[in-house]
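Keep in mind the model is a prediction, meaning the values are calculated, not measured.
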Amino acid sequence: MEPNLTENTKQVAAVIHLSTFTKFFFPLGNFLAPLLLWTVNKNKAFINEHGRQAINFQLSILLYTVLIGIICLPFFVMFAPDFVELVDAIDHHVQHNSINSMAELSGYFILFFVAAVVLLSLFIFELYAVITATVQANRGELYKYPLSIPFIKSVSEETGDVNQSKNEHVS
């Protein structure tokens with residue numbers, strides 16, 4: 001627990017994490033709301049760290065979602081001719097659909113199911129991590145999101161990197 005933290009400081013840090021849920025109300029709310037709260041209160045180290053963690057995690061979740069989409073894209077392209085052929089067959093021969101024509105769609109169903117399960121898992125993971133971070137911030141404790149890529153580094157990390165590289169050149 002951080003010494004000399006006011007209740008207001010803890011609450012602002014907790015609200016930064018909760019503000020990522022604004023994405024359900026307006027586009028990019030998960031970036032804009034915490035960024036606004038973080039920028040206004042950046043002078044407090046505790047809030048600065050929580051704001052940095054929240055933004056880094058949201059950027060990481062965005063990256064993971066885009067990567068899942070990129071991985072699925074070639075499979076959708078691969079199955080597209082079968083899907084177009086099946087739709088054409090359904091349009092022309094409504095009564096003569098066979099099990100074989102439905103089997104052609106099985107690749108789409110499997111891909112859709114796998115992508116949905118992975119995206120749902122990512123969503124549940126995000127909910128769990130944000131709620132945990134909110135609780136930790138409200139207790140006055142620092143929280144590091146799991147699987148978060150540090151896009152925005154803290155000042156201590158940046159100076160540590162500089163000092164480390166200086167020491168490497170001296171050796």
Side-chain angles (χ1 to χ4, degrees), residues 10-39 47-139 141-154 157-158 161:
K10 293 179 203 176
Q11 289 173 354
V12 169
V15 169
I16 286 174
H17 294 290
L18 283 179
S19 70
T20 61
F21 291 137
T22 58
K23 71 179 177 183
F24 300 117
F25 303 108
F26 61 93
L28 301 176
N30 58 325
F31 299 109
L32 298 177
L35 189 61
L36 178 67
L37 288 168
W38 179 39
T39 304
I47 295 174
N48 186 32
E49 181 61 23
H50 278 278
R52 189 180 66 77
Q53 288 290 332
I55 296 295
N56 280 338
F57 184 66
Q58 290 303 308
L59 288 170
S60 299
I61 291 293
L62 175 65
L63 179 66
Y64 298 146
T65 305
V66 168
L67 286 175
I68 291 168
I70 289 171
I71 290 169
C72 290
L73 189 62
F75 295 104
F76 280 115
V77 171
M78 184 173 65
F79 294 127
D82 291 338
F83 184 72
V84 171
E85 187 178 308
L86 180 65
V87 168
D88 190 43
I90 290 172
D91 283 346
H92 289 84
H93 308 289
V94 174
Q95 285 80 20
H96 302 301
N97 285 331
S98 66
I99 302 241
N100 193 21
S101 63
M102 292 308 282
E104 292 175 3
L105 270 184
S106 65
Y108 272 113
F109 291 131
I110 292 169
L111 178 63
F112 178 76
F113 179 74
V114 169
V117 166
V118 171
L119 289 173
L120 181 64
S121 300
L122 187 63
F123 174 72
I124 291 170
F125 169 69
E126 179 184 8
L127 287 177
Y128 168 77
V130 169
I131 291 170
T132 303
T134 303
V135 169
Q136 294 292 331
N138 207 27
R139 289 181 184 163
E141 299 170 1
L142 293 175
Y143 181 75
K144 183 169 177 6
Y145 282 96
L147 303 177
S148 181
I149 302 167
F151 294 105
I152 303 169
K153 297 190 184 256
S154 69
E157 288 176 352
E158 290 173 0
D161 292 343

**Q** Would you give the length of the straight line joining atom OH of Tyr143 to atom OG of Ser148, rounded to the nearest 0.5 angstrom?
**A**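 If we round to the nearest 0.5 Å, Tyr143:OH and Ser148:OG are 9.5 Å apart.
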**Q** Looking at Ile71 and Pro74, what are the two nearest heavy atoms and their distance?
**A**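 Closest pair (atom of Ile71, atom of Pro74, distance): O-CD, 3.3 Å.
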**Q** Which salt bridge (Lys or Arg N to Asp or Glu O under 4.0 Å) pairs, counting each pair once, include a residue from residues 16-32, with sequence neighbours left out?
**A**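 Residue pairs passing salt bridge (Lys or Arg N to Asp or Glu O under 4.0 Å), neighbours aside: Lys23-Glu126.
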**Q** Under the criterion side chain to side chain contact (heavy atoms under 4.5 Å, CB included), I'd like the reasoning laid out for Arg139 against Lys10: C-alpha separation, chi angles, the key distance, then a yes or no.
**A** CA-CA 7 Å; Arg139 289 181 184 163; Lys10 293 179 203 176; over 6 Å; no
**Q** Does anything in residues 58-73 form a salt bridge (Lys or Arg N to Asp or Glu O under 4.0 Å)? List the pairs, not counting sequence neighbours.
**A**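 Counting only pairs at least two positions apart or across chains, no salt bridge (Lys or Arg N to Asp or Glu O under 4.0 Å) contact touches residues 58-73.
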**Q** Please enumerate all residues that pass side chain to side chain donor-acceptor pair (under 3.5 Å) together with Tyr145, with sequence neighbours excluded.
**A**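 Once residues adjacent in sequence are excluded, the partners of Tyr145 under the side chain to side chain donor-acceptor pair (under 3.5 Å) criterion are His17.
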**Q** For the pair Arg52 (side chain) and Ile152 (backbone), establish whether a donor and an acceptor sit closer than 3.5 Å, ignoring hydrogens and angles.
**A**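 Yes, the answer is positive, given that a donor and an acceptor are paired below the 3.5 Å cut-off.
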**Q** For Trp38 and Asn48, indicate whether the former's side chain and the latter's backbone hold a donor-acceptor pair under 3.5 Å.
**A**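 Yes: the side chain of Trp38 pairs with the backbone of Asn48.
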**Q** Minimum heavy-atom separation for Pro150 to Asn56, with atom names?
**A**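 Nearest heavy atoms, Pro150 then Asn56: CA-ND2, 3.8 Å.
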**Q** Any side-chain heavy atom of Leu147 sitting closer than 4.5 Å to one from Ser60?
**A**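 A side-chain contact is absent here, since even the closest heavy-atom pair is not under 4.5 Å.
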**Q** Would you give me the side-chain donor-acceptor pairs under 3.5 Å for residues 128-137, sequence neighbours excluded?
**A**
residue	atom	partner	partner atom	Å
Thr132	OG1	Tyr128	O	2.7
Thr134	OG1	Val130	O	2.8

**Q** Hey, are the side chains of Leu67 and Leu63 touching, using non-hydrogen atoms and a 4.5 Å cut-off?
**A**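 Yes, their side chains come closer than 4.5 Å.
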**Q** Does the side chain of Ile68 come within less than 4.5 Å of Leu122's, by heavy atoms?
**A**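 Leu122 vs Ile68: side chains touch.
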**Q** For the atom pair CZ (Phe112) and CG (Leu119), what is the distance rounded to the nearest 0.5 Å?
**A**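 If I round to the nearest 0.5 Å, the distance is 9.5 Å.
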**Q** Nearest 0.5 angstrom please: Ile47 CD1 to Gln11 CD, how far?
**A**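 CD of Gln11 is found 10.5 Å from CD1 of Ile47.
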**Q** I'd like a table of donor-acceptor pairs (distance under 3.5 Å, sequence neighbours excluded) in which one partner is a side-chain atom from residues 24-35, with atom names and distances.
**A**
residue	atom	partner	partner atom	Å
Asn30	ND2	Gln58	OE1	2.8

**Q** Give me each pair satisfying salt bridge (Lys or Arg N to Asp or Glu O under 4.0 Å) with a member in residues 110-120, each pair once, sequence neighbours excluded.
**A**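 Every candidate salt bridge (Lys or Arg N to Asp or Glu O under 4.0 Å) pair involving residues 110-120 fails, so no pair, neighbours aside, qualifies.
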**Q** So Ile149 and Tyr64, side chain to side chain contact (heavy atoms under 4.5 Å, CB included) or not? Walk me through it.
**A** CA-CA 10 Å; Ile149 302 167; Tyr64 298 146; 3.8 Å; yes
**Q** Compare all side-chain heavy atoms of Ile61 with those of Phe123 and state whether any distance is below 4.5 angstrom.
**A**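 They are not in contact (no side-chain heavy atoms under 4.5 Å apart), so the answer is no.
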**Q** Closer than 3.5 angstrom, by distance alone: can the side chain of His50 be matched with the main-chain N or O of Glu141 as a donor-acceptor pair?
**A**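 The answer is yes, because a donor-acceptor pair under 3.5 Å joins these two groups.
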